[in-house]
Amino acid sequence: MTSEMGASTPYGHVCWVHDDPAPFHHAAQAFLTAGLAAGERLWYVAAGPAEPVVARLSAVPALRDALARGTAEVVSVGDTYRSDAVVDGPTQVRAYADATEAALADGFRGLRVVAEATPLVRTPAQLDAFARYEHLVDRYMRARPFSAMCGYDRREIGSRAAAELACLHPETNAPEASFQLYACDSQGDRAGLAGELDLTAEDLFTTALERADLRPVDGRLVVQAPGLRFIDHRALLRLHDYGRRRNASVVLRSPHATASRLAGLLDLPGLTVEVTG
């Protein structure tokens with residue numbers, strides 16, 4: 001699994017794409033069990049009826065006990081999202097923020113959610129809105145003790161949609177996503193970048209940047225890329241253009257001196273590559 005989890009903040013935002021639900025169910029159980037050990041409230045948002053999910057979770061003694069105590073709860077996707085509509089990202093983030101604060105008030109250390117999200121991304125409009133929401137909620141997770149595993153069935157949404165969603169998570173099992181663009185703070189002026197950005201990722205990177213909708217602070221956007229293994233000139237041009245259209249300079253912080261040299265050759269005012277240790 002590709003991971004760029006932040007070390008400074010309790011954080012977990014996982015995209016799990018599958019063709020067979022069994023590995024996803026196993027990963028979801030492990031994800032929830034870790035939250036239970038951390039003292040968090042657990043939710044499982046099921047795409048279908050709750051009963052089969054309760055039965056699967058109950059096979060794990062710790063989760064069975066958590067369900068009996070009310071520490072863990074299984075709800076339908078319709079109780080948490082409007083599955084027949086295009087998600088309103090800010091409204092959904094506020095809903096999870098309220099649920100997180102309620103969990104803290106009840107003595108838990110946070111809220112951890114597994115969501116079977118396939119029904120929420122079936123149309124192009126749903127996919128676009130939900131991908132934007134994924135980055136919004138990613139920002140929230142940088143500030144508060146909320147974590148989530150988002151499950152998507154590749155057989156229903158296709159590999160392209162899977163890539164569009166997976167690349168906006170800091171951690172994913174999806175091979176379709178050659179890079180990850182994720183939040184570094186709750187304000188939206190700093191993003192993280194990992195993986196590989198070559199010709200095959202050009203269109204996906206452009207789409208991901210637009211959906212992340214980074215907001216300049218004092219005329220600057222910072223992209224922190226300690227996990228970036230490769231970036232080509234096309235991706236640097238995309239970053240430059242992205243900042244220009246937002247009247248902002250872009251600072252890319254990468255451990256690779258080749259990225260700095262390439263940016264110098266391209267002579268792109270408004271784009272600076274800082275080589276980090």
Side-chain angles (χ1 to χ4, degrees), residues 2-6 8 11 13 15 89 127-128 131-139 141-142 160-172 174-277:
T2 302
S3 175
E4 284 300 322
M5 305 283 274
S8 61
Y11 181 56
H13 191 197
C15 177
L127 173 61
D128 181 65
R132 293 174 187 274
Y133 156 72
E134 289 281 24
H135 192 78
L136 281 179
V137 78
D138 205 41
R139 293 179 193 171
M141 292 181 196
R142 280 297 184 179
R160 171 64 192 197
E164 292 181 25
L165 294 158
C167 73
L168 289 168
H169 291 71
E171 185 172 4
T172 183
E176 294 94 336
S178 64
F179 68 90
Q180 293 80 50
L181 179 68
Y182 55 94
C184 281
D185 65 8
S186 60
Q187 302 304 311
D189 64 311
R190 292 191 300 132
L193 188 59
E196 299 183 359
L197 286 161
D198 57 17
L199 174 61
T200 62
E202 182 178 8
D203 179 54
L204 184 62
F205 185 48
T206 301
T207 301
L209 283 170
E210 291 301 322
R211 287 171 171 167
D213 192 22
L214 305 178
R215 306 298 175 88
V217 170
D218 297 328
R220 192 172 78 152
L221 296 170
V222 177
V223 180
Q224 299 182 164
L228 187 64
R229 297 188 298 274
F230 176 81
I231 185 168
D232 70 4
H233 70 282
R234 300 173 188 85
L236 291 174
L237 289 168
R238 294 294 172 269
L239 282 173
H240 172 262
D241 184 59
Y242 189 79
R244 181 184 57 79
R245 288 185 285 112
R246 285 159 177 77
N247 297 312
S249 61
V250 177
V251 178
L252 173 65
R253 294 174 178 160
S254 166
H256 298 296
T258 52
S260 179
R261 291 195 293 270
L262 183 57
L265 291 172
L266 292 171
D267 188 21
L268 300 173
L271 174 66
T272 301
V273 179
E274 296 179 355
V275 181
T276 58

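Across all their heavy atoms, C15 and L165 have their closest contact at SG-C, 4.4 Å. Closest of all the heavy-atom pairs between D138 and A183 is OD2-N, 2.7 Å. Across all non-hydrogen atoms, the minimal contact from L181 to A191 is CD1-CB, 4.0 Å. Between L127 and A161, the shortest heavy-atom contact is CD2-CB, 3.8 Å. Of all non-hydrogen atoms in R139 and A212, the two that sit nearest each other are NH2-O, 2.6 Å. Of all the heavy atoms in C167 and A177, the pair that sits closest is N-CB, 3.9 Å.
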With a cut-off of 3.5 Å and sequence neighbours excluded, list every side-chain donor-acceptor pair involving residues 235-242.
unit_1 : atom_1 : unit_2 : atom_2 : d
R238   : NE     : T206   : OG1    : 3.3
R238   : NH2    : E202   : OE2    : 2.3
H240   : NE2    : P269   : O      : 2.9
D241   : OD1    : R244   : NE     : 3.4
D241   : OD1    : R244   : NH2    : 2.3
D241   : OD2    : R245   : NE     : 3.0
Y242   : OH     : L209   : O      : 2.8
Y242   : OH     : D213   : N      : 3.4
Y242   : OH     : L214   : N      : 2.9

Side-chain donor-acceptor pairs under 3.5 Å in residues 247-264, sequence neighbours left out?
unit_1 : atom_1 : unit_2 : atom_2 : d
S249   : OG     : G219   : O      : 3.3
R253   : NE     : E274   : OE1    : 3.0
S254   : OG     : H256   : N      : 3.1
H256   : NE2    : L228   : O      : 2.6

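In this structure, E134 has no salt bridge (Lys or Arg N to Asp or Glu O under 4.0 Å) partners at least two apart in sequence or on a different chain. Taking the side chain to side chain contact (heavy atoms under 4.5 Å, CB included) definition, one finds that T207 meets it with R160, D203, R211, sequence neighbours left out. Remark: D198 pairs with no residue by the salt bridge (Lys or Arg N to Asp or Glu O under 4.0 Å) rule, at least two apart or across chains.
Sorted by first and then second residue, the pairs that involve residues 216-235 and meet salt bridge (charged side-chain N to carboxylate O under 4.0 Å, His left out), not counting sequence neighbours, are E196-R229, D232-R234.
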Task: Audit row: V137, H13, side-chain contact (heavy atoms from CB on, under 4.5 Å) steps and yes/no - done: CA-CA 9 Å; V137 78; H13 191 197; 3.9 Å; yes

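Relative ring orientation between F179 and F205 is described as perpendicular, the plane-to-plane angle rising above 60° on a 0-90° scale split at 30° and 60°.
Taking the side chain as every heavy atom from C-beta outward, P170 and Q180 never approach each other to under 4.5 Å.
A distance of 7.0 Å separates OH in Y182 from CZ in R142, rounded to the nearest 0.5 Å. To the nearest 0.5 Å, atom CZ of residue R246 and atom CG of residue D189 are 13.5 Å apart. Going from atom CG of L204 over to atom CD of E176 covers 10.0 Å, rounded to the nearest 0.5 Å.
Between E164 and R132 there is no salt bridge, since no side-chain N of the basic residue sits under 4.0 Å from a carboxylate O of the acidic one.
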